[in-house]
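Keep in mind that what you see is a predicted model, and the values were worked out from it rather than measured. We name chains A, B, ... by the order of the sequence lines, and we start the count at 1 in each one.
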2 protein chains.
Amino acid sequence: MTDGPSGADEPSCVQPGAGIGFLISQLGYVISTRFRAILAPLGLEPRHFLVLRHIARAEGSSQQALGQALHIPASRMVGLVDTLEQRGLVERRANPRDRRARALHLTEEGRRMLEEAWRIALGHERAVTAGLTGEERDQLFSLLRRLAFARELVPGVHPALADEE
Amino acid sequence: MTDGPSGADEPSCVQPGAGIGFLISQLGYVISTRFRAILAPLGLEPRHFLVLRHIARAEGSSQQALGQALHIPASRMVGLVDTLEQRGLVERRANPRDRRARALHLTEEGRRMLEEAWRIALGHERAVTAGLTGEERDQLFSLLRRLAFARELVPGVHPALADEE
DNA sequence: ATACATCGTTCCGCACCGTAACGATTAGAG
DNA sequence: CTCTAATCGTTACGGTGCGGAACGATGTAT
């Protein structure tokens, strides 16, 4: 009894510890860890990358809106934007429409940093599937997308940043 | 410029936020979160399951050996085994060969619990790939295993329990 | 016999996260 | 216009989990 409950005649891919679920969980962890590592030299973490990216897409957003889109609680956004502002990547401008809110904008430096981070992310994406042919990569991508769709995952929003629902 | 650096003519599957890497990272998170949730009614967490499983495979192991195999620091093993012992699932027996070490054994209750957890894990594995045909599941499994192999992942050992290196 | 390594344990500081308050500002009701 | 409720950003606080460092007990080597 070293590999499961006694008389289990399951297909080999359905085995806790070696099955698809565990495999994806393992891979997901090492991949995101690796991404964090190759992003570190820029002084950025994955969440910073996501925030920068979202600001670039919707310049002038409030912190609230940003937090809502990325499922990040407001209290956390503060420190996040603080960091990015201190590094001169993001500006908190006044919003003439609503003096409570801050309009977030990328600085020139921020734009450069985002492009650099993007280049690194692209290299990372390629590294992930190194060893797969183009056709295999497409297959894998298609299969994973179906799993993600079945779980209603939102592209670009990492669920680790927003547990509750 | 809402979707990447200006002139990037990359294949669509290579896009941070929507690429294979991010997809696996997303899926890995929700899958392990889900697994934690369906295991909770037993009063167990995923790590407890892994520990129980390993003890079953190598009854009489020391905590040290167990921690080394699963890449869990010794100081954490204590609390882990404490919990399992308090629930009557594991026994710390004396080791006549070495009075420093504790020989870990499953109780009858522990064995029952492990089987139950295993059943739940199997159901989870099936749920993960629900919506895929058998052939697709095999394809996916094969592709993921190649990625895992390329990254030297050890079956049954989740890297989240061992960051360093 | 002495010095060093190993096992399990406890202790402590670190980092992180989310809730609950708070002042400032805005929107809505009367 | 006034008063009240909601919203935005911020700060403070408590809870949690993790791993390194030290410790006593025991084993091993010289």
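- With sequence neighbours left out, the salt bridge (charged side-chain N to carboxylate O under 4.0 Å, His left out) criterion links A:E85 to A:R92.
- Among residues two or more places apart in sequence or in another chain, the salt bridge (charged side-chain N to carboxylate O under 4.0 Å, His left out) test is passed with A:R99 by none.
- From one end of the helix from C:dA1-D:dT30 to C:dG30-D:dC1 to the other, with five pairs defining each end axis, the axis direction shifts by 10° (rounded to 10°).
- Looking at heavy-atom distances under 4.0 Å, B:A74 makes contact with a base.
- Minimum atom distance to the side chain of A:S62 is reached by D:dG9, of the listed C:dT9, D:dG9, C:dG8.
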Polar atom pairs between nucleotides 19-24 of chain C and protein, under 3.5 Å, N or O only, would you list them?
{"unit_1": "C:dT19", "atom_1": "O4", "unit_2": "A:S75", "atom_2": "OG", "d": "3.4"}

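- Here B:E116 pairs with B:R119 under the side-chain hydrogen bond (donor to acceptor under 3.5 Å, both in side chains) rule; sequence neighbours left out.
- The distance from atom CD1 of A:I72 to atom C1' of C:dC16 is 14 Å, rounded to the nearest whole Å.
- Here D:dT11 presents its C1' atom at 16 Å from CE of A:M77, a figure rounded to the nearest Å.
- The salt bridge (charged side-chain N to carboxylate O under 4.0 Å, His left out) check on A:R34 picks up nothing, with sequence neighbours excluded.
- Between the CZ atom of B:R76 and the P atom of D:dT16 there is a distance of 17 Å, rounded to whole Å.
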What protein N or O atoms touch nucleotides 1-4 of chain D N or O atoms at under 3.5 angstrom, if any, and at what distances?
none

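- Qualifying ring-ring contact (aromatic ring centres under 6.0 Å, His included) partners for A:H54, counting only residues two or more places apart in sequence or in other chains: none.
- Partners of B:H124 according to the ring-ring contact (aromatic ring centres under 6.0 Å, His included) rule, which considers only residues two or more places apart in sequence or in another chain, are B:F35.
- In this structure, the CG atom of B:L80 is 12 Å from the C1' atom of D:dC18, given to the nearest Å.
- An OP1 or OP2 oxygen of D:dT7 is reached within less than 4.0 angstrom by no side-chain nitrogen or oxygen of A:Q64.
- Computed from coordinates, the B:L70 CG to D:dC18 C1' distance equals 17 Å when rounded to whole Å.
- Between A:M113 atom CE and A:L89 atom CG the span is 5.0 Å, to the nearest 0.5 Å.
- Rounding to whole angstrom units, CZ of residue A:R99 and C1' of D:dA6 are separated by 17 Å.
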### Task
Give the C-alpha distance, both sets of side-chain angles, the deciding distance and a yes or no for salt bridge (Lys or Arg N to Asp or Glu O under 4.0 Å) between B:R112 and B:E109.
CA-CA 5 Å; B:R112 272 196 298 272; B:E109 177 88 18; 3.1 Å; yes

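- B:L66 places its CG atom 10 Å from the P atom of C:dG8, with the value rounded to the nearest Å.
- B:H48 is not listed as a side-chain neighbour of B:V51, based on a closest heavy-atom distance of 4.5 Å or more.
- Partners of A:N95 by side-chain hydrogen bond (donor to acceptor under 3.5 Å, both in side chains), not counting sequence neighbours: none found.
- Applying the 4.0 Å criterion to OP1 and OP2 of C:dT6, one finds that B:R97 has every side-chain N and O outside that range.
- Side-chain proximity of A:Q63 to D:dG27, C:dG8, D:dT10: nearest is D:dT10.
- For the pair B:R102 CZ and C:dG8 P, the interatomic distance rounds to 8 Å; values are reported in whole Å.
- With sequence neighbours excluded, no residue forms a salt bridge (charged side-chain N to carboxylate O under 4.0 Å, His left out) with B:R87.
- Partners of A:E59 under the side-chain hydrogen bond (donor to acceptor under 3.5 Å, both in side chains) rule, at least two apart in sequence or in another chain, do not exist in this structure.
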